[in-house]
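Remember, predicted model here, so these are calculated numbers, not experimental data.
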2 protein chains.
Amino acid sequence: MTSAEPLAASRLRPVPYSAAQKRVITAALELFTTHGVGGTSLQMIADAAGITKASVYYQFRTKEEIVIAAAEVDLARLEQALDAAEAEHDRQHALEVLLPRLVDLAVDNRRMVSMLQNDPVMVRLVAEYEPFRELMDRLHHLLVGDDPRTDQRVPAAALSAAIGSAATHPLVVDLDDDTLRASLLDLARRFLHLP
Amino acid sequence: MTSAEPLAASRLRPVPYSAAQKRVITAALELFTTHGVGGTSLQMIADAAGITKASVYYQFRTKEEIVIAAAEVDLARLEQALDAAEAEHDRQHALEVLLPRLVDLAVDNRRMVSMLQNDPVMVRLVAEYEPFRELMDRLHHLLVGDDPRTDQRVPAAALSAAIGSAATHPLVVDLDDDTLRASLLDLARRFLHLP
DNA sequence: GTCTATATGAAGATAGAC
DNA sequence: GTCTATCTTCATATAGAC
């Protein structure tokens with residue numbers, strides 16, 4: 001972490017959201033994770049936020065802007081984790097910094113992380129919206145390592161998928177956070193052959 | 001496999017679909033995997049099948065029936081894999097039968113398997129529609145084992161998520177089927193401490 | 001910053017002719 | 001088995017008052 005900026009500053013969004021915008025984002029997040037982005041209407045968001053549709057449109061010009069704002073909530077934490085990991089001098093240490101943070105993120109926010117990886121609208125957004133795409137590229141680079149020919153790619157993809165989706169799996173939904181966190185971290189280390 | 005029925009018969013759907021229905025199902029499958037169920041309209045399905053919306057409604061009474069029919073395509077293969085695994089006498093052998101079939105299913109049909117586990121509409125359907133729920137219960141029982149207190153649950157969830165989602169992961173989309181199949185199977189065995 | 005009211009289109013679904 | 005035409009409802013989005 002070489003940045004001199006205060007904690008709140010993220011390169012994803014230098015201009016912060018207003019309090020009214022944050023209320024909309026919070027409502028949208030909850031709905032997106034249960035109904036998916038495509039299954040969530042602006043009316044549902046407005047109702048959950050306790051305002052009307054027109055007021056939502058005062059805060060955000062389109063539904064897509066809400067989706068981006070919602071995704072940024074978790075991706076800002078991912079960005080911080082990547083910053084910290086990339087400050088290490090070799091991949092081994094970088095992964096030791098990265099993995100616990102990834103697992104924490106997924107456990108704290110189980111359904112959101114899964115949605116970012118799996119919801120069709122989110123998948124498209126992450127692939128096409130440059131700031132998000134860049135984050136994913138950095139993540140993948142850390143997971144796969146420098147050498148593109150070695151087939152570290154399947155384990156890396158599996159690990160990424162496992163951390164993202166295992167936290168929401170029916171087999172595990174009723175497991176407490178601490179147990180899940182410990183198990184996932186252990187699994188992640190085994191995955192990448194770390195101590 | 002103790003059933004005396006011919007191969008085509010699945011307990012999921014004793015009455016087969018007509019040719020016209022199959023054309024609709026095929027079109028729907030492709031669209032569901034790219035846009036999600038919620039992001040796919042009947043108009044899109046009709047266009048892809050080369051008929052009108054009204055004709056789609058002649059084949060299926062509701063959109064939900066189409067979703068069920070689409071899900072059955074892959075779940076029928078899952079059912080066969082479960083039948084074969086459960087015919088083995090201990091869990092070790094059952095898993096040795098099950099895992100390669102699961103991996104094959106996920107690789108042959110990458111995006112569909114992921115959608116079954118991740119699309120919000122599918123997740124709800126699988127949880128609430130009895131025939132699908134039963135299949136998932138059988139799968140989870142095989143993955144976790146008999147003893148419900150041991151925490152095999154996180155590895156089982158992670159394995160299930162990894163097989164389902166890794167096949168669609170951006171890191172792996174361009175990997176050929178054979179390589180992916182071999183890597184995933186190897187990972188799956190390591191996951192469950194099989195030889 | 002929030003509201004009422006409305007425009008415009010597309011969604012799921014049905015009626016009835018061929 | 002497919003069509004045209006239509007119904008109803010809900011989607012995104014905007015105009016303009018408070």
Side-chain angles (χ1 to χ4, degrees), chain A residues 13 15-73 115 119-125 128-129, chain B residues 13 15-73 115 119-125 128-129:
Chain A
R13 174 144 274 266
V15 181
Y17 292 109
S18 72
Q21 284 177 316
K22 283 180 191 160
R23 282 192 288 272
V24 171
I25 294 171
T26 303
L29 269 175
E30 171 68 22
L31 291 164
F32 287 164
T33 54
T34 49
H35 304 285
V37 177
T40 301
S41 70
L42 287 208
Q43 186 63 62
M44 292 161 76
I45 296 174
D47 290 347
I51 56 179
T52 63
K53 252 197 303 183
S55 290
V56 174
Y57 273 104
Y58 174 80
Q59 307 295 345
F60 296 94
R61 278 165 54 189
T62 63
K63 185 182 178 182
E64 167 146 335
E65 281 194 16
I66 301 178
V67 177
I68 290 177
E72 271 174 346
V73 174
M115 197 196 52
D119 183 282
V121 179
M122 282 294 184
V123 168
R124 194 159 307 185
L125 183 66
E128 291 172 4
Y129 182 64
Chain B
R13 174 143 273 265
V15 181
Y17 292 109
S18 72
Q21 284 176 315
K22 283 180 190 161
R23 282 193 288 274
V24 171
I25 294 171
T26 303
L29 269 176
E30 171 68 21
L31 291 164
F32 287 164
T33 54
T34 50
H35 302 100
V37 176
T40 302
S41 69
L42 287 210
Q43 186 63 63
M44 291 160 77
I45 296 174
D47 290 348
I51 56 180
T52 63
K53 251 198 303 183
S55 291
V56 174
Y57 273 106
Y58 175 81
Q59 308 295 345
F60 296 95
R61 278 164 54 187
T62 63
K63 185 182 178 182
E64 168 146 335
E65 281 194 16
I66 301 178
V67 178
I68 290 177
E72 272 174 347
V73 173
M115 197 196 53
D119 183 283
V121 179
M122 281 295 182
V123 168
R124 194 160 305 185
L125 183 66
E128 291 172 4
Y129 182 63

- Using the closest heavy atom to pick a nucleotide of DNA chain D for each, name whichever of A:Arg61 or B:Gln59 lands nearer the 5' end. B:Gln59
- Start with the C-alpha distance between A:Gln59 and A:Lys22, add both sets of side-chain angles, then the distance that settles side chain to side chain contact (heavy atoms under 4.5 Å, CB included), and finish with yes or no. CA-CA 9 Å; A:Gln59 307 295 345; A:Lys22 283 180 191 160; over 6 Å; no
- Would you mind reading off the distance between B:Glu64 atom CD and C:dA13 atom C1', rounded to a whole angstrom? 15 Å
- CZ/B:Phe32 to CD1/B:Ile25 distance, rounded to the nearest 0.5 angstrom? 10.0 Å
- Query: Which heavy-atom pair separates A:Thr33 from A:Met115 by the least distance, and what is that distance?
  - Reply: N-SD, 3.9 Å
- Message: For a 4.5 angstrom cut-off between non-hydrogen side-chain atoms, does A:Leu125 reach A:Asp119?
- Response: no
- Query: Restricting to pairs with a member in residues 27-48 of chain B, which pass salt bridge (charged side-chain N to carboxylate O under 4.0 Å, His left out), not counting sequence neighbours?
  - Reply: B:Glu30-B:Arg111
- Task: Take the C1' atoms of the five end pairs on each side of the helix from C:dG1-D:dC18 to C:dC18-D:dG1, derive the two axes, and give their angle rounded to 10 degrees.
- Result: 10°
- Note on the structure: Taking every heavy atom of B:Arg23 against every heavy atom of B:Ala49, the minimum-distance pair comes out as O-CB, 4.3 Å
- Which whole-number value in Å describes the distance from A:Lys63 NZ to D:dC10 C1'? 12 Å
- With a 4.5 Å heavy-atom cut-off, do A:Ile66 and A:Leu42 have their side chains touching? yes
- Task: Rounded to the nearest angstrom, tell me the gap between atom CZ in B:Phe60 and atom C1' in D:dG1.
- Result: 13 Å
- Task: Would you indicate whether the side-chain heavy atoms of A:Pro120 and A:Val123 approach each other to under 4.5 Å?
- Result: no
- Query: Quick one: ring pair (Phe, Tyr, Trp, His ring centres under 6.0 Å) partners of A:Tyr129, sequence neighbours excluded?
  - Reply: A:Phe132
- Item | Residue-phosphate contact under 4.0 Å: A:Tyr57 side-chain N/O, D:dT14 OP1/OP2 | no
- Note on the structure: The correct set of residues in residues 18-47 of chain A placing a heavy atom under 4.0 Å from DNA chain D is A:Thr40, A:Ser41, A:Leu42
- Task: Any chance you could measure A:Ile45, atom CD1, to A:Thr26, atom OG1, to the nearest 0.5 Å?
- Result: 11.5 Å
- Is there any salt bridge (charged side-chain N to carboxylate O under 4.0 Å, His left out) pair reaching into residues 49-73 of chain A, and which pairs are they, with sequence neighbours excluded? A:Arg13-A:Glu72
Provide a list of protein-nucleic acid N or O atom pairs under 3.5 angstrom, restricted to nucleotides 3-7 of chain D.
residue : atom : partner : partner atom : Å
D:dC3   : OP2  : B:Thr52 : N            : 2.5
D:dC3   : OP2  : B:Thr52 : OG1          : 3.0
D:dC3   : OP2  : B:Ser55 : OG           : 3.1

